[in-house]
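Letters A, B, ... are given to chains in the order of the sequence lines, protein chains preceding strands, and every chain is numbered from 1.
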Amino acid sequence: MNDPFELTDPSEDPRPTTPAERPAVYLDGLNESQREAVEATEGPVLVLAGAGTGKTRVLTTRLAHILLQGRARPGEILAVTFTNKAAREMQERVGHMLGTPVEGWWVGTFHALAARILRRHAEAVGLKPNFTILDTDDQVRLIKQILAARDIDTKRFPPRTFSAVIQRWKDRSLGPEKVSQGEAVEALDGTAIDVYKDYQSELLRQNAADFGDLLMLCVDLFQSQPDILKSYQRRFRYVLVDEYQDTNVAQYLWLRLLAQGHQNICCVGDDDQSIYSWRGAEVGNILRFEKDFPGAKVVRLERNYRSTPHILGAASGLIANNEGRLGKTLWTDLNEGEKVRVHGVWDSTEEARWIVDDMEARQMRGESLATMAVLVRTSAQTREFEERLITLGIAYQVIGGLRFYERQEIRDAVAYLRVIAQPDDDLAFQRIANVPKRGLGDASMQTVHMHARARGISLSLAIRELTTTDELKSRPKKLFTDLLNEFDRWRVEAHDHSPAELMDIVLDESGYTEMWKLDKSIDAPGRIENLKELVVGLSAFDTLTSFLEHISLVMENEQNKGTDKVTLMTLHGAKGLEFDTVYLPGWEEGLFPHQRALDETGTNGLEEERRLAYVGLTRARKCATVTFAANRRIYGQWQSSLPSRFVDELPAGHIERAGELGLSRGGFAEDQAVFGKVSGKASEGYGAGWKRAQNRKPQDDLVFAPARVSSGGLEVGQRIFHQKFGYGSIQGLDGDKLDIKFEKAGMKKVMVSFVEKV
DNA sequence: TGAGCGTAGTTTTTT
DNA sequence: ACTACGCTCA
């Protein structure tokens, strides 16, 4: 595998051999606005690329155009993406367009590019060039230790909460000293800022950086060292950014600093597809572009090449309910096609059955399974689909879930390599010090820990110092010394062995593989397989350092393609993909839009959920099907649910109720009786949600009564039970929501359908 | 050190 | 309903 960042100095880059005068055949076939986006090479450009409007084509053609015109050498171009997949695709497609692989240009993810810059100037921010990059798991483990040292109650504030707060600060490029007084006092009772300070100094001590640091420290570097910044500004004559709507403040600052001089920055994005605010993305970055870069050219790509008019119409009608959009009008030349099907079912089991049966019918008609996808709001929803698919013997793949390097055995093995590469890597050392069991239990680790902390040194160093004192008992002292000697030996071995060979040696000599061989549990053989796979993967690397960089920043899920399979994944995972046939199950209030999005971020949350629905619909080329169930199991309990408000927002002219409704009527009959009983009492204060449901003319027969509360009598003072918040009493009625004072959780606004009378 | 038990949490995910 | 965790006790 190539290191994507193998870089030659720009002066060594060969000039493109193609003369600029050559007729630009690669521009043929672009529509007018696409061409405009490609040809506007100078100055700031914002390309608002609606779903399916040929964004990737524009990006790659623009890059090729800059190179072919001789405006820049490859090394003078910076192309930034969010995912490795996107970076790889860009690399491949530009190479393909030019007929030769492009080498020496800076294409990659924000994090990989920032890491690369940071390694060159590590000393300027207090790191060494071989610093370790910590992942989420490492972060949390480190925070746990800090909380323990500070005696903070992890019951009240779990480590993850601190991790999240710190990450959000880093997303905004706020180091501990830059967090405002007000925020510092407020966050987690003022403890977060102290933990943040400890966390940062501990990272420096361990010569490590987390994902957020890569951007934040790079911004710090640029701001504190104008000369360094200038050198990069001069180097990168053209800057290109994909998925701009997903950038956070740190990334925005990073880009702005780099593009400040020449202002040749082209950002491509779609505000309607911004679905990552929960991990720090700021839609504001895209909405503000013209202010940040005065004189910016804005190009709208509105011609859609993917979906039929009905699908496009449904999606556009839906997204029109959002406010504060930059606004685009998607259109297409394609034939009308089918309307978006909307289908109500009794419960989630029936939903899975109905959808999978529909897929099977298509397969019988000769449609390939690979053209079909089920896009869910939450990953738990895939389970019932899997069960049904297994029953019918239909091949499927679930995208998402645990990744290769997130598995325990892989992380352990990598931890050995990390300690070899960097003796100060305490997190890695702790992970494997007693794995396999060496008799180094908590007690002796504690002693080492205390000494290390007191002296402000790494665990390895602490052990070395302790070998001359009596603080450790003689047995653990010897065991620790043996372990350190092993590592010293492996470090020597590392000189004349490839990383793969070294891994082999270490796994063998440490007894790690042996440990799993002796393990009787069912997943042990699989783990040994994974370790073998790791060694194979390692053989592509020449140096330990390049491998470690790869595993923390570039490594991804291997998805065995080839066989014809249906795809199951979350809506988030589907961004950027397309399928002929798309199924969108679970369009119910509380699930989609998700209750937590509504509770935690209100209107903004709702709008983001709506964008998610928009993303889902626009994945479909030919056929989109929305379904919702009257009953669904949530946290193990059956709850009744109302169709999502998004169902109402789909323009009537573009949808059709699926013909098979009759199938589910049997199921409804029972419900209708309940419904009748309830509706008589509706006037007693069921609220607008109920009325909304009952007034819904076109879909009257798709409306369900929440069985839970159907015995009526929801009024102020009523005692209720909520699955998540426990017991409480109703304080007020507000539409389909209730204001409830919970005994433990305090005041909350919750959905009618989620409470039970007690 | 490890099994057994009780409690809390259960949206989305990249790097 | 299910899981993952942290704690207790043998």
inquiry  = Side-chain N or O of A:Asn84 versus OP1/OP2 of B:dT14: is the shortest distance under 4.0 Å?
reply    = no
task = Could you verify whether a donor N or O on one side chain and an acceptor N or O on the other, from A:Asp246 and A:Gln273, lie under 3.5 Å apart?
result = no
inquiry  = Nearest to the A:Arg633 side chain among B:dT13, B:dT15, C:dA1, which nucleotide is it?
reply    = C:dA1
inquiry  = Quick check on DNA chain B: between A:Gly439 and A:Glu609, whose nearest nucleotide comes earlier from the 5' end?
reply    = A:Gly439
Integer-rounded Å distance: C:dG6 P and A:Leu147 CG = 12 Å
query = For A:Lys437, which contact category applies under a 4.0 Å heavy-atom criterion: base, sugar-phosphate, or nothing?
reply = sugar-phosphate
inquiry  = Which residues pass the side-chain contact (heavy atoms from CB on, under 4.5 Å) test with A:Ala524, not counting sequence neighbours?
reply    = A:Trp516, A:Asp519, A:Ser521
request  = Using the six-membered ring for Trp and the full ring for Phe, Tyr or His, decide whether A:Tyr635 stacks on the six-membered base ring of B:dT10 (centres under 5.5 Å, planes under 30°).
outcome  = yes
remark   = Closest of C:dG6, B:dT11, B:dT15 to the A:Lys144 side chain is C:dG6
request  = Rounded to the nearest angstrom, tell me the gap between atom CZ in A:Arg438 and atom P in B:dT1.
outcome  = 13 Å
task = Identify which nucleotide among B:dT11, B:dT12, B:dT14 has an atom closest to any side-chain atom of A:His594, counting heavy atoms from C-beta outward.
result = B:dT11
Under the side-chain contact (heavy atoms from CB on, under 4.5 Å) test, residues paired with A:Arg353 that sit two or more places apart = A:Thr349, A:Glu350, A:Asp357, A:Arg388
ask   = Is the phosphate of B:dT14, meaning OP1 or OP2, less than 4.0 Å from a side-chain N or O of A:Arg403?
value = yes
request  = Give A:Gly441 one of three labels, base, sugar-phosphate or nothing, depending on what nucleic acid heavy atoms sit under 4.0 Å from its own.
outcome  = sugar-phosphate
inquiry  = Applying a 3.5 angstrom cut-off to the pairing atoms, does DNA chain C sit in any stems of at least three consecutive Watson-Crick or G-U pairs? List them by first number.
reply    = B:1-10 with C:1-10
key: Residues forming a side chain to side chain donor-acceptor pair (under 3.5 Å) with A:Trp169, sequence neighbours excluded   = A:Glu183
query = If you measure from the ring centre of A:His572 to the centre of the six-membered ring in the base of B:dT12, is it under 5.5 Å, with the planes under 30° apart?
reply = no
ask   = Is any side-chain nitrogen or oxygen of A:Arg279 closer than 4.0 Å to OP1 or OP2 of B:dT11?
value = no
query = Whole-Å distance between B:dT11 C1' and A:Leu591 CG?
reply = 9 Å
ask   = If you take atom types as modelled and just measure distance, does the side chain of A:Thr136 reach the base of B:dT15 with a donor-acceptor pair under 3.5 Å?
value = yes
task = May I ask you to say what A:Asn434 touches in the nucleic acid, namely base, sugar-phosphate or nothing, with a heavy-atom cut-off under 4.0 Å?
result = sugar-phosphate
remark   = Side-chain contact check for A:Thr378: nearest option of B:dT13, B:dT12, B:dT15 is B:dT12
request  = Return the value, rounded to whole Å, for the distance between atom CD of A:Glu588 and atom C1' of B:dT11.
outcome  = 15 Å
task = Return no unless some side-chain N or O of A:Thr109 is found under 4.0 Å from OP1 or OP2 of B:dT14.
result = no
ask   = Roughly how many Å is it from CD in A:Gln251 to P in B:dT15, rounded to a whole number?
value = 12 Å
inquiry  = Just to verify, what does A:Leu479 make a side-chain contact (heavy atoms from CB on, under 4.5 Å) with, not counting sequence neighbours?
reply    = A:Leu440, A:Arg475
key: Length of the line joining A:Arg88:CZ and B:dT14:P, which is rounded to integer Å   = 13 Å
Distance in angstrom units between A:Leu553 CG and B:dT13 P, rounded = 20 Å
Donor-acceptor pair, side chain of A:Arg168 and main chain of A:Trp278, under 3.5 angstrom = yes
inquiry  = Using a 5.5 Å cut-off between ring centres and planes within 30 degrees, is A:Trp278 stacked on the base of B:dT12?
reply    = yes
query = Just by distance, do the side chain of A:Glu588 and the backbone of A:Ala629 share a donor-acceptor pair under 3.5 Å?
reply = yes
request  = Assign each of A:Lys155 and A:Ile275 to its nearest nucleotide of DNA chain B by heavy atoms, then name whichever residue's nucleotide is nearer the 5' end.
outcome  = A:Lys155
message = Please enumerate all residues that pass side-chain contact (heavy atoms from CB on, under 4.5 Å) together with A:Thr601, with sequence neighbours excluded.
response = none
query = Expressed as a whole number of Å, how far does the P atom of C:dA4 sit from that of B:dT11?
reply = 15 Å
inquiry  = From CZ of A:Arg632 over to C1' of B:dT11, roughly how many Å is that when rounded to an integer?
reply    = 14 Å
key: Contact check, side chains of A:Ile117 and A:Trp254, non-hydrogen atoms, under 4.5 Å   = yes
